[in-house]
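The structure appears below as structure tokens.
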Amino acid sequence: DAGVIQSPRHEVTEMGQEVTLRCKPISGHDYLFWYRQTMMRGLELLIYFNNNVPIDDSGMPEDRFSAKMPNASFSTLKIQPSEPRDSAVYFCASSSDRGGNGYTFGSGTRLTVV
Amino acid sequence: DQQVKQNSPSLSVQEGRISILNCDYTNSMFDYFLWYKKYPAEGPTFLISISSIKDKNEDGRFTVFLNKSAKHLSLHIVPSQPGDSAVYFCAASAWGGADGLTFGKGTHLIIQP
């Protein structure tokens, strides 16, 4: 398996633009997580899915953020409109367990909003 | 409020010596603890874990110790090697991971030759 695949690796966009981050989880993993890493707050859980259904989105900072998982092999995190404070590294992770066995992370998308 | 705290942003250790990374937590419901290792431009990778029913777990050069009464865990790396230079994240879960993993901010370990 190629692991968790995220695209793009880097994204630079202007304030106010829509940004879409993509994730392909490991086949057979029932859980998918979106995390955001910043210097100030470390790794924060934004939202997670189980069997394509959003379970907990309490970490999503604002209504500008939305996430979907239309099928077991694809998820998106969208920011509309983007703001400079959204600049961070966004990680997607998948797991066959909610937390007991650990997650497999993708390489992340570094987002810069100017 | 940070439920998982890594109070040392960085740690420098000489090659061959022991590296000790510390982590404190505040949520009494956490019952599973993990350490992740992260290299630049890569995602975190799972390193070692420990259940709250144990106080020690060992895997090769890596040992995690859990002190539940103090709500403290530590990762020991012996001996430290240059490839161990990375950012180490402490993580915890509760209720079988019902809320996902809660991570600390990480400690940047630098192994000096």
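Letters A, B, ... mirror the listed sequences (proteins, then strands); counts begin at 1.
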Is it true that the side chains of [X] and [Y] contain a donor and an acceptor less than 3.5 Å apart?
X: Asp24(B); Y: Thr26(B); value: no
X: Thr109(A); Y: Glu11(A); value: no
X: Ser8(B); Y: Thr107(B); value: no

Interatomic distance, Leu66(B) atom CG to Phe30(B) atom CZ [nearest 0.5 angstrom]: 12.5 Å
How close do [X] and [Y] get, counting heavy atoms only, and between which atoms?
X: Tyr103(A); Y: Ala93(A); result: CB-CB, 3.9 Å
X: Gly100(B); Y: Ser93(B); result: O-CB, 3.9 Å
X: Val13(B); Y: Arg17(B); result: CG1-CB, 3.9 Å

Heavy-atom contact with chain B under 4.5 Å, split by part of Glu44(A): neither
Atom group of Arg9(A) that falls short of 4.5 Å from chain B, counting heavy atoms: side chain
Aromatic plane relationship, Tyr48(A) with Tyr31(A) - under 30° parallel, 30 to 60° tilted, over 60° perpendicular: tilted
Residue selection (most heavy-atom pairs with chain A, distance under 4.5 Å) from Ala91(B), Ala41(B), Pro9(B), Gly106(B): Ala41(B)
Residues from residues 80-90 of chain A approaching chain B under 4.5 Å (heavy atoms): none
Region of Gln2(B) that comes under 4.5 Å of a non-hydrogen atom in chain A: side chain
Portion of Phe89(B) that has a non-hydrogen atom of chain A nearer than 4.5 angstrom: side chain
